[in-house]
Amino acid sequence: MNEKALMEISEQVKILHHAGDQLCALGEAHDFPAMEYNAKRLLAVVEILEINISDLLEPIDPGEQDAAEHS
Amino acid sequence: MASARTYWNPFLETLPPEKLAALQLKKFQRALAYAYTHSPFYRQKLGRAGIQPEEIRSYEDILKIPTTTKSELQAAQTESDSIYGSLCCLPSEEIAVYHQTSGTTGHPIRQADSRRDWEWWAECWATLLWAQGFRPPDRMIIPFSYGVFVAFWAGHYACEKIGCEVIPAGGLSSEARIDKMRELKASAIMCTPTYALHLAEVAKTMSLDPVNDLHIEKIVCAGEPGALIPATKVRIESEWGASVFDHAGATEAGAWGFECIAQSGGLHVNEAFFLVELLDPETKQPVLPDEEGELVITPLDREAQPVIRFELRDRALWSKELCSCGRSYRLLDGGLRGRSDQLVKVRGVLFSPTTVESVVRQFDNLGNEYQVIVEREHELDKVTVQVELLSGGDSDRMHTELEQQLRIATGLRCHVELKPLGTLPRYEVKAKRFIDRREHDE
Ligand SMILES: [Zn+2]
């Protein structure tokens with residue numbers, strides 16, 4: 001696994017997050033609880049996928065952090 | 001040497017230390033800003049301390065943030081009419097599940113978790129179960145009462161997540177649990193170390209040999225320390241003929257520590273999900289690398305009821321070595337080394353009930369249970385250690401040997417009382433084996 005694979009996974013997770021948000025909104029708008037609440041559950045899982053990878057995509061460079069502290 | 005699929009998350013678990021530290025800092029900053037914005041308790045606490053989240057830019061800055069105690073959390077709930085008091089960050093419609101602490105040290109704390117939190121709990125447990133070598137088609141029996149304590153609930157959902165079949169053995173007697181284990185050919189058990197020993201005892205009363213009749217391969221222990229106390233670990237392993245793995249967690253914090261399949265004598269800290277600090281209890285400053293300190297923990301991704309720098313009161317020591325499993329998550333050498341609030345002074349000597357456990361469990365002809373009672377007699381502290389003698393044991397010899405070993409280990413004279421097997425209390429969770437009667441005697 002490498003940075004490229006991570007980016008690819010991240011793209012798919014973003015698509016899922018967007019789809020989950022849309023399904024949730026559509027479920028609410030059309031009085032369709034089965035859609036709204038299952039989408040909420042899906043989004044909870046999507047956020048765990050994000051915790052598992054997305055934080056890695058914007059790493060804080062320790063050097064940059066030091067520079068910020070001493071500026 | 002790590003093989004394919006060794007890690008639940010191969011990115012996080014093998015991050016180089018400097019990247020892991022940077023990730024922790026970034027996540028801590030985010031968790032702090034979230035708590036400041038959404039938790040009335042933390043907005044007030046940080047405000048009183050003059051802390052603005054954006055001022056926290058390094059680990060040294062984190063040390064400026066006051067730690068959070070259990071009694072503060074208790075007060076934040078008891079002083080409020082709402083269920084979760086000022087600790088809750090979300091409206092009630094966003095809360096998915098309720099649990100509470102055992103209340104061993106005061107009023108139980110009510111813990112709110114959102115849908116995401118609940119997935120996160122299972123994720124933390126999935127990380128540890130995977131690291132312990134649990135894989136489909138392992139069949140896990142969970143002999144747990146499935147009540148308000150979080151204990152094994154998250155373990156249950158983690159088994160589902162990683163594809164291990166779960167047998168939810170709540171609401172059954174110990175005998176019925178043994179029968180179910182046998183009938184369904186369970187390959188693993190998830191329970192407290194105390195209950196693992198008790199179940200083996202029950203199996204024997206049913207004329208079953210746990211090793212040859214029940215074929216359990218792995219046991220994951222949680223809910224109380226013990227599975228990393230060498231004598232207790234050896235005892236559970238020999239009773240069941242199974243590998244035994246320890247895990248550490250707390251309702252307020254999450255499932256943060258685990259022993260991996262390499263069993264290198266320590267507990268990994270899941271450092272991508274938690275910031276763990278070891279502090280001097282007096283100065284609240286980090287201890288030196290070779291010093292024991294008190295654990296202070298921040299879960300980095302919690303949503304409904306987060307805690308920042310929460311004092312667990314467990315004592316631990318960082319291992320100097322990284323584990324042979326290849327994870328960059330650091331190890332706590334020997335796991336948890338007892339709780340600071342269980343350290344008591346007896347005749348001027350600091351006394352830890354855990355020390356008694358490590359002695360008692362070395363004797364093959366003693367049962368699994370013990371109880372320590374400290375009381376005042378003729379103005380002097382008296383320590384009594386009650387143990388159960390297995391049939392056929394030489395009581396005079398055992399009495400003398402145990403007193404000698406306890407004296408060496410604790411530095412105190414302990415009175416030994418030998419009881420018949422099965423007469424001391426048994427526990428499923430949160431064993432209470434230490435009784436201090438001195439407050440009531442005064
Ligand atoms: Zn390891």
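Below, chains carry the letters A, B, ... as their sequence lines are ordered, and counting in each starts from 1.
The CD1 atom of I51(A) lies 8.5 Å from the CH2 atom of W120(B); values are rounded to the nearest 0.5 Å.
If you measure heavy-atom distances from I48(A) to chain B, the contacts under 4.5 Å come from the side chain alone.
Within a 6.0 Å sphere centred on CD of Q285(B), heavy atoms belonging to other residues, nucleotides or ligands number more than 12. Counting heavy-atom neighbours within 6.0 Å of Y98(B) OH, excluding the residue itself, gives a total above 12.
Evaluation of the ring-ring contact (aromatic ring centres under 6.0 Å, His included) rule for F28(B) yields no partner, not counting sequence neighbours.
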Step-by-step side chain to side chain contact (heavy atoms under 4.5 Å, CB included) determination, L43(A) to R115(B): CA-CA 9 Å; L43(A) 282 167; R115(B) 286 182 187 84; over 6 Å; no
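Scanning all heavy atoms of the two residues, the minimum distance from N9(B) to N52(A) falls at ND2-OD1, 2.7 Å.
Residue pairs meeting the side-chain hydrogen bond (donor to acceptor under 3.5 Å, both in side chains) criterion with at least one member in residues 16-36 of chain A, sequence neighbours excluded: H17(A)-E50(A).
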